[in-house]
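Working notes, structure below.
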Amino acid sequence: MGQAGRPVAWKVMVEHYDPQAVEAKWQRRWEADGAYQVDNDDRRPPFYVLCMYPYPSGAAHQGHVRNYTFGDLLVRQRTMQGYAVLSPIGFDSFGLPAENAAIRTGVHPREFTDARIQELKSSLKRLGASYDWRREIRSHDPEYMRWNQVIFQRFLDAGLAYRKNAPVNWCPGCQTVLANEQVLADGTCERSGDLVEKRDLEQWFFRITAYADELLEALEGLDWPDRVKVMQRNWIGRSEGAEFDLAVEGRAGEPGIRVFTTRPDTAFGMTFVVLAPEHPLVPALTTAEQRGAVEEFVARVRTESDIERQSSDGPLDKRGVFTGSYALNPFNGARVPIFLADYVLMTYGTGAIMAVPAEDQRDWDFAKAYDLPIVRTVAPPDGWEGEAYTGEGPRINSEWLDGLTDTAEAKAKAIEWLESGAIGRRTVNYRLRDWLLSRQRYWGCPIPVIHCPTDGIVKVPEEQLPVLLPDDVEFLPTGESPLRHHPGFLNVTCPRCGGPAERETDTMDTFVDSSWYFLRFCDPWERSRPVSLDAARRWMPVDQYIGGIEHAILHLLYARFYTRALADQGLAPAEIREPFGRLFTQGMITMDGSKMSKSKGNLISPEQYFETVGADSLRLFHLFVGPPGDDFDWSAQTDQMIEGCHRFLGRLWRLAAGAVFESGGGATVSERTAEPVDTNMDKETHRLMDRVDSDYTRWSYNTAVAACMEFLNTLYKYVQGPAGGRAETVDFAVDTLLLLLGPMAPHITAELWETRHPEAPPLHAQSWPAADPAMLVVETVTMVAQVNGKVRDRLEIPVDITVEQAEALVLASPRVAEALGGATPKKVIARPPRLVNVVV
RNA sequence: GCCCGGAUGGCGGAACAGGCAGACGCGAUGGUCUCAAACACCAUUGGCCGCAAGGCCGUGCGGGUUCGAUUCCCGCUCCGGGCACCA
């Protein structure tokens with residue numbers, strides 16, 4: 001038993017903090033030990049952590065650092081908590097940039113991509129991110145391509161994949177077809193800035209719309225950010241309404257015009273009908289007098305870009321044309337003119353609408369431009385000065401609907417009427433379209449079919465899969481896939497009839513690759529099928545998926561569709577409908593408000609920080625800088641903030657390694673028995689465990705780091721205080737801090753742990769610390785004494801103080817008395833032990 | 001236009017359940033160490049008034065509820081995002 005205050009030898013540390021040496025050592029160690037490999041028969045409870053696998057664009061950027069730091073931290077913490085954590089990674093390695101680079105430089109996309117993967121891998125390893133690298137998947141691996149193609153063929157058999165003619169985006173600058181997502185909101189190409197054109201081509205589609213309802217309904221139960229759910233809901237765009245047929249005057253016996261509306265309750269106000277210019281009935285409906293005008297209009301619309309067609313400005317009187325024909329409103333027999341207008345789209349609903357100008361602003365504007373009648377069927381409130389009225393109100397001019405004020409009720413009644421008369425029916429429409437998956441590009445997974453003049457579309461026999469990409473191709477900016485000019489690839493014999501046939505030269509959208517990779521990760525060694533059912537049952541769904549908000553719609557929706565489609569085809573476990581149970585979307589790293597990107601030249605490479613302050617400091621910075629879901633704008637001050645994190649780690653090092661005690665600085669450690677000051681420090685340590693643990697749980701890493709910094713400051717004051725520190729207390733504090741920081745700054749904590757406990761298992765094999773509830777109990781707190789809501793005094797009181805005691809103490813306070821100035825309190829609100837408010 | 005999210009010191013941010021606004025970090029100022037610098041360390045740091053004790057003001061703006069509002073309600077402004085002639 002030592003005497004209080006007597007300095008004793010504590011920890012002795014020779015070197016100073018050398019991040020590069022420490023980080024290299026532990027990265028080698030983890031890899032050699034297979035520390036984060038996990039086998040499928042592991043008996044610990046499973047936990048699947050996944051960061052969206054990256055497109056390999058070269059060395060990691062700050063967005064990667066952020067993303068993979070969040071993921072790695074969770075992997076390490078869950079491992080310490082006793083889970084078998086599945087932490088796989090791979091590369092989304094097909095895509096346009098590699099092909100563009102090939103056109104520019106002549107380097108083959110595979111060579112180019114493999115080199116970029118090496119760079120990115122090296123960055124990820126230097127970050128200290130822990131993965132089971134044995135499970136690595138690259139989209140362009142022949143094995144992965146094989147299963148991609150098998151799945152495609154299965155979907156083809158099931159009618160989930162089909163071919164139809166469709167307008168696609170064509171960029172004249174790039175001389176190539178673009179994916180929808182590569183077309184900016186203003187209709188220009190994201191790369192060249194040229195205005196994207198529409199071209200009609202025969203294309204491959206996935207029938208995602210077959211799952212529209214389920215994809216929408218199931219959003220409800222997902223533990224996803226609301227923002228993302230709302231975006232998906234918008235994108236699917238379900239609208240309920242009715243479809244019904246309008247007879248055309250003079251065309252008895254012929255099929256009528258089918259219209260879709262969400263407001264069947266306003267049908268009595270229909271004063272005209274509008275068809276899309278592409279509507280198949282247009283030629284039949286056009287009268288001889290109007291033929292010239294209609295043909296001219298239709299021809300003009302065809303030359304317009306999508307953007308021109310969809311912009312709401314532009315003179316309305318040039319945007320439509322009268323066909324010369326009339327339809328009959330089945331509700332009241334009214335004779336209404338039939339128009340064409342460019343704003344009615346053939347691709348939504350039935351391509352035809354009933355126009356009710358009184359209750360729809362677009363129809364109102366059109367009616368004004370063409371001098372058409374307007375009949376209100378919903379009475380607007382008194383004093384209404386607007387035009388179309390879409391709110392609630394009593395029905396008027398609507399025969400048997402008159403007087404009804406509830407829109408839902410009126411709709412139901414109108415639909416009932418339509419159905420009972422066999423005129424129409426209730427329908428649901430979606431904004432969501434089928435997924436166009438074919439790309440006229442080389443660097444993607446070939447679509448495994450053959451076009452035979454006699455047999456039509458024939459699948460490449462499964463034993464011939466995968467269809468690989470030939471290497472001996474030339475990359476020229478012709479706008480056509482090099483595959484089309486490769487006779488060896490193109491010309492084949494039909495597997496069915498043996499006659500000459502052509503191979504499909506389109507490749508798959510790269511979103512196909514990312515739509516099921518998370519299933520393949522469960523067992524990438526499976527040789528007989530794309531997804532091992534047992535392994536998928538063990539790991540799926542992903543417990544925590546982490547990635548950027550930019551994938552909120554496309555990738556996440558496609559993956560949800562694929563998971564269901566695979567399940568329904570028996571290719572994945574039937575019960576797994578949702579791929580990602582919990583989703584976290586991190587904020588973007590921006591610079592001057594816009595996204596950092598190679599093309600903007602504003603990339604701040606993480607590598608330079610690895611070389612200076614080290615990966616741990618950079619990781620800590622990304623965690624500390626703000627809420628993980630918020631965007632962060634990289635500024636001139638950012639380097640200093642990173643320095644601050646590095647300074648913190650330096651302080652940690654000096655204390656944990658004993659340098660503080662070596663250099664004096666007033667710090668002492670003694671073997672004395674516990675005094676109140678030591679117990680208080682122990683309690684701080686337990687409080688830290690509690691805070692950091694709950695901060696991890698609620699994704700509040702910035703406050704977790706802050707708590708650790710605060711704690712280290714407290715610990716310094718403690719050991720540098722007049723009594724010095726008690727050895728046991730200091731050891732407990734330092735060890736706990738190292739464990740809690742472990743997932744955030746893994747290298748430095750591993751090194752310090754090993755220095756302090758050379759014989760013990762390494763830090764990453766330790767258990768996650770848990771606070772002792774008894775040590776979280778506090779005896780005294782500061783209570784605030786207010787007069788009229790203003791703080792006048794602060795009192796140290798026991799936590800279990802009663803209301804009466806609290807009131808008495810506050811009223812006895814001289815500061816309170818002074819503030820009262822002799823006035824008699826009207827009311828005293830006591831909320832012990834937090835505050836007492838005296839009201840006069 | 002519709003639907004989300006946000007606004008707090010010089011800066012990033014904290015305040016988890018209506019109860020001490022500004023934790024933690026950066027920057028700034030002053031100081032210690034040093035021949036000097038770097039590193040490190042110590043102190044101060046929302047604004048205004050005051051020698052001080054202390055006081056007043058303060059969470060985008062205007063109202064409201066409450067003993068008490070950054071937090072809840074109503075009405076705005078600005079910023080960011082999503083959807084948008086979708087019938």
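Sequence lines set the chain letters: A, B, ... in the order given, protein chains first and strands last, and positions in each chain run from 1.
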#### Entry: Pairing partner (Watson-Crick or G-U wobble, both distances under 3.5 angstrom) of B:U45
B:G27

### Task
Verify, without hydrogens or angle tests, whether A:K827 (side chain) and A:N837 (backbone) share a donor-acceptor contact under 3.5 angstrom.
no

### Task
Remember a base hit wins even if backbone is also touched, and classify A:G237 as base, sugar-phosphate or nothing at under 4.0 Å, heavy atoms.
nothing

### Task
Identify whether any heavy atom of A:R831 sits under 4.0 Å from a base atom; if not, whether one sits that close to sugar-phosphate; answer base, sugar-phosphate or nothing.
base

#### Entry: Geometric class of the A:F70/A:Y701 ring pair [parallel <30°, tilted 30-60°, perpendicular >60°]
parallel

### Query
Any side-chain heavy-atom pair from A:R425 and A:E243 closer than 4.5 angstrom?
yes

### Query
When all nucleic acid strands are considered with a 4.0 Å heavy-atom cut-off, which category describes A:S239: base, sugar-phosphate, or nothing?
sugar-phosphate

#### Entry: Watson-Crick or G-U wobble partner of B:U77, both distances under 3.5 Å
B:A7

### Task
Pick base, sugar-phosphate or nothing for A:R238, based on heavy-atom distances below 4.0 Å to the nucleic acid.
nothing

## Note on the structure
Against the side chain of A:V791, the closest entry in B:C20, B:G19, B:A14 is B:C20

### Query
Which nucleotide sits closest to the side chain of A:Q637: B:G12, B:A14, B:G27?
B:G27

### Message
Using atom P in both nucleotides, what's the gap between B:G25 and B:C41 to the nearest angstrom?
### Response
11 Å

### Query
Given B:G25, B:C26, B:C57, which nucleotide is nearest the side-chain atoms of A:K790?
B:C57

